[in-house]
Engineer: 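Supplied in structure tokens, the structure appears directly below.
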Amino acid sequence: MGAECRYEVSQAAYVKLALHALKHPAAPVNGLLVGRLADPAASPAVVSVVDAVPLSHHPHHLPLLPTLELALTLVEDHFAGLDGGLAVVGYYHANPRRDDADLPPVAKRVGDHIFRYFPRSAVLLVDNKKLEEAVKGKSRDPVVQLYTRDSSKSWRQAGSDGSSQLALKEPSTNVVLADHVTTKKWEKIVDFDDHLDDISK
């Protein structure tokens, strides 16, 4: 599916997932990508990622299907009535180690689960080294790697031409991210784990 599809990530979604990773640098963090198929008739089709919903920074929470199902239901219900109807279109993950650039099994399992509902789903893996560079204002490249499911039902990273499949809607997004880091905006990020600990969040 990925070869026939492009993914456009909004500034809000991109900054939120990056700040979530920065808030918990020693933990694996993850969340859901919310959006829509922008123009199904277009070739290639475009999936517009409008928002990101931070889920977890505890490694033992997300692999549990009941927790994931609850989160998916809450997110779907919240976004379905907004902005012309949005749905879960993918998943993001950040590994805790700076040098770990492999998509973990949990990300593949969650991606497979979302794929059943949205066959053009994507998984974005945060590249911690690129995130470091972007925060220092040294890079405008996306800090995420795009993975899509191929015909063999495996998650594969978009190849050398992957940049044409993944685009940031606003070119100045990394500048905004660096500014948010300076003002410690990551402190305002609340994920599903935080909500389960304190439902007022």
Engineer: Excluding sequence neighbours, so at least two apart, what forms side chain to side chain donor-acceptor pair (under 3.5 Å) with E76?
Structural biologist: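 For E76, no residue satisfies side chain to side chain donor-acceptor pair (under 3.5 Å) once neighbours in sequence are set aside.
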
Engineer: Can you tell me if N128 uses its side chain to pair, donor with acceptor, with the backbone of D100 under 3.5 Å?
Structural biologist: no

Engineer: Exactly one of V49, N174, L124 should register a side chain to side chain contact (heavy atoms under 4.5 Å, CB included) with Y14. Which one does?
Structural biologist: N174

Engineer: I'd like to know if D112 pairs up with R149 as an ion pair, taking the criterion as any Lys NZ or Arg NE/NH1/NH2 lying under 4.0 Å from an Asp or Glu carboxylate oxygen.
Structural biologist: yes

Engineer: Give a yes or no on whether the backbone of Q11 and the side-chain of E170 come within a donor-acceptor separation of less than 3.5 Å.
Structural biologist: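 Yes; at least one donor-acceptor contact below 3.5 Å.
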
Engineer: Let's go through L33 and V88 carefully: what are the C-alpha distance in whole Å and the side-chain angles of both, what is the deciding distance for side chain to side chain contact (heavy atoms under 4.5 Å, CB included) to 0.1 Å, and is it a yes or a no?
Structural biologist: CA-CA 6 Å; L33 302 172; V88 174; over 6 Å; no

Engineer: Quick check against the 3.5 Å criterion: does K16 have a side-chain atom that pairs as donor or acceptor with the backbone of A52?
Structural biologist: yes

Engineer: As an exercise, state the distance from CG of L17 to CG of L32, rounded to the nearest 0.5 Å.
Structural biologist: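 Rounded to the nearest 0.5 Å, the CG-CG separation comes out at 11.5 Å.
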
Engineer: For the NE2 atom of H93 and the CG atom of N30, what is their distance to the nearest 0.5 Å?
Structural biologist: 6.0 Å

Engineer: What's the shortest heavy-atom distance between Y92 and P54, and which atoms?
Structural biologist: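 The answer is OH-CA, 3.2 Å.
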
Engineer: When you measure from the side chain of D102 to the backbone N and O of P104, does any donor-acceptor pair fall under 3.5 Å?
Structural biologist: no

Engineer: Taking S10 for the side chain and A13 for the main chain, is one N or O donor matched with an acceptor at less than 3.5 Å?
Structural biologist: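 Yes, the answer is positive, given that a donor and an acceptor are paired below the 3.5 Å cut-off.
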
Engineer: Hey, can you tell me if H20 and H24 have their rings parallel, tilted or perpendicular (30° and 60° cut-offs)?
Structural biologist: perpendicular

Engineer: V106 and L103: same hydrophobic cluster, using ILVMFWY side-chain contacts below 4.5 Å?
Structural biologist: yes

Engineer: Could you tell me which residues satisfy side chain to side chain donor-acceptor pair (under 3.5 Å) with E132, sequence neighbours excluded, listed by chain and number?
Structural biologist: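 Listed in chain order: R98.
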
Engineer: Please enumerate all residues that pass salt bridge (charged side-chain N to carboxylate O under 4.0 Å, His left out) together with K108, with sequence neighbours excluded.
Structural biologist: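 Expected list: none.
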
Engineer: Can you hop from V46 to V123 via hydrophobic side chains spaced under 4.5 Å?
Structural biologist: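 Per the 4.5 Å side-chain linkage, V46 and V123 are not co-clustered.
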
